[in-house]
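Each remark here refers to the structure printed beneath this line.
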Amino acid sequence: MATSLASQEGNNFEVSNEKEEEEQGNPQRASEKINELFSTLPKGKGWWAEHLFHYQGFWLSNRALEGLLLIQDNFKPQPSDIFLANTPKSGSTWLKALLFSIVNLSRYDFSSHPLLNTPPRDIFPFLDFYFQQNKPISDIESLPSPRLFSSHLPYNLFPKSITASGCRFVSIWRDPKDVFVSQWHFMKKLRSKELPAVSMEEAFDLFCKGVSHYGPLWDHMSGYWKASLESPEKILMLKYEDMKREPLVQVKRLAEFLGQPFSIEEENKGVVQEIINLCSFDSLRNLQVNKTRDGPSNEGRPVKNPDFFRKGEVGDWKNHLVAEMAEYIDQIIKDRLCGGGLASGFCP
Ligand code: A3P
């Protein structure tokens, strides 16, 4: 368990072996330490959780923060690992399906592909909550290489042991206005009915102050963007809107980055288009496994498989935000992200 929380520096939780053993042998004390940490952190209003905690510049739910501490202590990176990491509702479901299909191209046939009966959210592990599910570590240690993981953690919160391990990151950006609208709809599904509802105006206000799950969004984006400029071979930034506009180009780009470029024969056989079709919004959404709210993959989970497929469009914000709200978000992005040429390809 993460123990020396008071002495954390940057991303590293320095824990002496002696202390670690002491805490590992005393889970109650370790969880007291986590509670102690929560009590020291500034608190904000949560969207789907009751509260968010301000931790090293970002707003995390207690579950996400506990998950991070568990990752710090338990996750052993391999240099070949690939992380899909982005803010919630930016397109992870789509990217999960694409990443899995590309990496496993030689392993599966399109006619009997695992994605036909596995929801993308379960096609590879979501690291942030993995260690809270009491699954054996051997489950992820024995995954075939390259292992795939998804996460919503900001780059700066990833343990150094991971970012320095040589592993690769794929991050997808989406117009923050569409992210906001998508998060808002997701909250309505996920927020406990026992908690007071959050109006769209209130959510908008929180979002613009940076108080959203894993927010501020712009700091999350700039963390990956800066890292991708420093190490383009290790960090790839994709844009949801580009993927929609030119899927062929972007999927090929992704495959190249993953070190698995399509061969001429594969391209001629239409393999790239097959992957795009399999992972498209309509195709995934219409699969029985992604349509049903029952079944083992939904059991005990507050958010069901169909909730990950809403509209899948670019610009749905126009149906929800008045012009002033849209301009307000654009201005924040210009001020906070676009200065100095940073992320110029994304500026509104
Ligand atoms: P909307 O709420 O705007 O429809 P995430 O996967 O990161 O949770 O993001 C969810 C958003 O991606 C939702 O956006 C969802 O509809 C959309 N989405 C899910 N699967 C998609 C796909 N295959 N292609 C495009 N968009 C997809």
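In this chain, residues are counted from 1 in sequence order. Atoms within a ligand are numbered from 1 in the order they appear, just like the ligands themselves.
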field: For Arg174, atoms of ligand 1 separated by under 4.0 Å from a heavy atom
entry: 1 (P), 3 (O), 11 (C), 14 (O)
- request: Taking the six-membered ring of Phe129 (Phe, Tyr or Trp), confirm whether the NZ or CZ of Arg63 is under 6.0 Å from its centre and within 45° of its axis.
  value: yes
- prompt: Purely on distance, is any nitrogen or oxygen of Pro88 under 3.5 Å from one on ligand 1?
  reply: no
Among Trp94, Tyr240, Phe180, closest by any non-hydrogen atom to atom 17 (C) of ligand 1: Tyr240
- request: With atom 15 (C) of ligand 1 as the reference point, say which of Trp184, Trp317, Phe308 has the nearest heavy atom.
  value: Phe308
query: With under 30° as parallel and over 60° as perpendicular, where do the rings of Phe58 and His220 fit, or are they tilted in between?
result: perpendicular
- prompt: Is atom OH of Tyr328 surrounded by more than 12 heavy atoms (other residues, nucleotides or ligands) closer than 6.0 Å?
  reply: no
- request: Establish, yes or no, whether the cationic atom of Arg174 lies under 6.0 Å from the six-membered ring centre of Tyr240 and within 45° of the ring axis.
  value: yes
message: Return the closest protein heavy atom for atom 6 (O) of ligand 1 as residue, atom name and distance.
response: Thr93 OG1, 2.5 Å
query: In terms of residue, atom name and distance, what is the protein heavy atom nearest to atom 16 (O) of ligand 1?
result: Arg310 N, 2.9 Å
- request: With rounding to the nearest 0.5 Å, note down the distance linking CG in Leu127 to CZ in Phe75.
  value: 5.5 Å
query: Can you tell me how far CG of Leu148 sits from CG of Leu95, rounded to the nearest 0.5 angstrom?
result: 11.0 Å
message: Whether Arg310 and Asp316 form a salt bridge (side-chain N of Lys/Arg under 4.0 Å from carboxylate O of Asp/Glu) is what I want to check.
response: yes
message: If you count heavy atoms of other groups shown closer than 6.0 angstrom to NZ of Lys43, is the number above 12?
response: no
message: I'd like to know if Lys89 contacts ligand 1, where contact means a heavy-atom distance under 4.0 Å to any ligand atom.
response: yes
- prompt: Where is the nearest protein heavy atom to atom 18 (N) of ligand 1: which residue, which atom, and how far?
  reply: Phe281 CD1, 3.9 Å
message: Counting only nitrogen or oxygen atoms and a 3.5 angstrom limit, does Glu313 reach ligand 1?
response: no
- line: Quick note on ligand 1: atoms under 4.0 Å from a heavy atom of Ser280 include exactly 23 (N)
message: Suppose I only count heavy atoms of Gly312 and a 4.0 Å limit; which atoms of ligand 1 are within that range?
response: 1 (P), 4 (O), 16 (O), 26 (N)
- request: For the residue pair Phe180 and Trp47, categorise the inter-ring angle as parallel (less than 30°), tilted (30 to 60°) or perpendicular (more than 60°).
  value: perpendicular
message: Under 3.5 Å between any N/O of Ser90 and any N/O of ligand 1: does that happen in this structure?
response: yes
- prompt: Looking only at N/O atoms, are Gly91 and ligand 1 under 3.5 Å apart anywhere?
  reply: yes
- line: Among non-hydrogen protein atoms, atom 13 (C) of ligand 1 lies closest to Ser182 OG, 3.7 Å
field: Reported OG-to-CD distance for the pair Ser106 and Glu266, which is rounded to 0.5 angstrom
entry: 8.5 Å
- line: For Ser92, the ligand 1 atoms with a heavy-atom partner under 4.0 Å come out as 5 (P), 6 (O), 7 (O)
message: Can you see whether Trp94 has Lys244 sitting over its ring - NZ or CZ less than 6.0 Å from the centre and within 45° of the normal?
response: yes
statement: So the atoms of ligand 1 within less than 4.0 Å of a heavy atom of Lys311 turn out to be 4 (O), 16 (O)
Subset of ligand 1 atoms that lie under 4.0 Å from at least one heavy atom of Cys279: 23 (N)
